[in-house]
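Throughout, protein chains are lettered first and strands after them, A, B, ... in sequence-line order, and every chain is numbered starting at 1.
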There are 2 protein chains.
Amino acid sequence: MTQKHDFDLQDFLPYLLNQAAEECGLEFQKVYKQRYGMLRTEWRVLFHLGRYGDMTAKDICDRARVHKTKVSRAVSALQSRGFLKRVQLEQDRRHERLSLTPAGVSAYSDLQAVAADYDTRLTANFSAEEQRNLRDALRLLARL
Amino acid sequence: MTQKHDFDLQDFLPYLLNQAAEECGLEFQKVYKQRYGMLRTEWRVLFHLGRYGDMTAKDICDRARVHKTKVSRAVSALQSRGFLKRVQLEQDRRHERLSLTPAGVSAYSDLQAVAADYDTRLTANFSAEEQRNLRDALRLLARL
DNA sequence: ACTTGTTAGTTACAAAAACAACTAATATCC
DNA sequence: GGATATTAGTTGTTTTTGTAACTAACAAGT
């Protein structure tokens with residue numbers, strides 16, 4: 001019986017993407033975990049608010065493509081640790097505007113700098129054009 | 001106070017990689033989940049054995065960079081559903097050689113074809129050179 | 001032979017994620 | 001105005017993962 005072996009697992013894009021994402025995520029994860037005890041979704045919520053300004057949990061769900069239960073729990077955790085505060089909107093009391101506290105802003109600034117650094121290091125071996133092509137391709141694949 | 005906003009979250013490579021991996025993994029995941037009730041690690045173990053031939057759990061751990069507990073559970077699950085069998089090696093009874101059953105080979109063939117198809121569709125919008133560059137970059141980032 | 005160390009794999013328990021069911025507020029249709 | 005549907009967000013339960021401790025087999029030095 002002859003096997004086909006059309007392609008290698010290492011050439012399968014979903015697999016490759018996953019391996020790369022896992023490898024690249026690890027180091028940064030250590031930082032926000034050890035320095036602030038944050039989970040991945042918590043860091044993402046923090047980053048959204050820090051980078052794009054106040055918004056509701058729903059906004060974050062849509063922008064980051066994270067399920068609302070994950071965001072809900074991340075928001076609770078961040079609030080209980082004093083990184084953000086919630087204000088119910090008067091015009092529609094279902095929504096609540098989330099905004100970072102000074103501690104939140106400070107954590108964001110710190111982590112954002114680490115992230116920027118790390119990103120630079122990750123792509124140090126790529127030319128400017130290669131970097132652009134890579135990010136373009138990834139954005140396309142991610143439908144962002 | 002002026003914010004720096006060095007970069008966008010969507011330009012942060014670990015984030016981008018993650019979003020792309022998640023998006024691209026979804027569709028294929030549905031297939032192996034619905035068609036064979038497999039988990040991600042189970043599909044990977046199946047693929048390793050189908051594509052690269054019999055090997056031990058440890059070999060799979062090393063090649064796929066998966067923790068041994070995950071592989072152990074995946075192997076048990078695949079075995080209990082009749083997709084693979086284990087044979088303890090005589091020269092060293094700590095090892096066991098894993099090999100696919102006919103049902104396992106059949107599932108592999110099927111899923112492998114689906115994967116090949118899907119990969120082709122994913123990269124349909126890229127030129128041959130762009131595809132090569134993308135995979136090269138990802139392999140580099142994944143340290144594969 | 002016998003302590004010490006290492007390796008392959010499993011098991012048990014804790015953390016995190018996925019999924020579904022729920023509440024409360026608003027919108028819509030009759 | 002009142003039943004019905006939607007929407008934002010939460011809570012509870014089940015899967016899945018991560019971590020650490022464990023067993024069994026072997027290796028190596030003394």
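Among the protein residues, A:Thr41 comes within range of no part of the nucleic acid, since none of its heavy atoms lies under 4.0 Å from any strand. B:Lys68 comes within contact range of at least one nucleobase, with a heavy-atom separation under 4.0 Å. Within the 4.0 angstrom heavy-atom criterion, no nucleotide atom of any strand lies near A:Ser76.
Contact annotation: B:Ser72 side-chain N/O to C:dT10 OP1/OP2 distance is under 4.0 Å.
Listed candidates were C:dT11, C:dA17, C:dA25. Nearest to the side chain of A:Leu39 is C:dA17. Among the nucleotides C:dG9, D:dT11, D:dT7, the one closest to the side chain of A:Arg94 is D:dT7. Looking at the side chain of B:Arg73, the nearest of the listed nucleotides D:dC26, C:dA27, D:dT19 is D:dT19. Checking C:dT26, D:dA25, D:dA8 against the side-chain heavy atoms of B:Arg93 singles out D:dA25 as nearest.
Separating the CZ atom of A:Arg40 from the C1' atom of D:dG18 is a distance of 14 Å, rounded to the nearest angstrom. We find that CZ of A:Arg86 is positioned 15 Å from P of D:dA8, with the value rounded to whole Å. With rounding to whole Å, A:Tyr32 atom OH is found 11 Å from C:dA16 atom P. Going from atom NZ of B:Lys70 over to atom C1' of C:dA8 covers 19 Å, rounded to whole Å. For the pair B:Asp62 CG and C:dA8 C1', the interatomic distance rounds to 11 Å; values are reported in whole Å. Taking atom CZ of B:Arg63 as the reference point, atom P of C:dA8 lies 16 Å away to the nearest angstrom. The CD-P distance, from A:Glu42 to C:dA16, rounds to 8 Å in whole Å. Put simply, NE2 on B:His67 is 9 Å from C1' on D:dA20, counting in whole angstrom units.
Classification of the A:Phe28-A:Trp43 ring pair by plane angle, with boundaries at 30° and 60°, yields perpendicular.
No side-chain donor-acceptor contact under 3.5 Å links B:Gln19 to the backbone of A:Arg139.
B:Tyr108 places none of its side-chain heavy atoms less than 4.5 Å from the side chain of B:Leu49.
B:Asp59 and B:Thr56 share a donor-acceptor pair across their side chains, judged by distance under 3.5 Å alone.
Remark: B:Arg44 is not positioned above the aromatic ring of A:Tyr15, lacking an NZ or CZ atom under 6.0 angstrom from the ring centre and at most 45 degrees off the axis.
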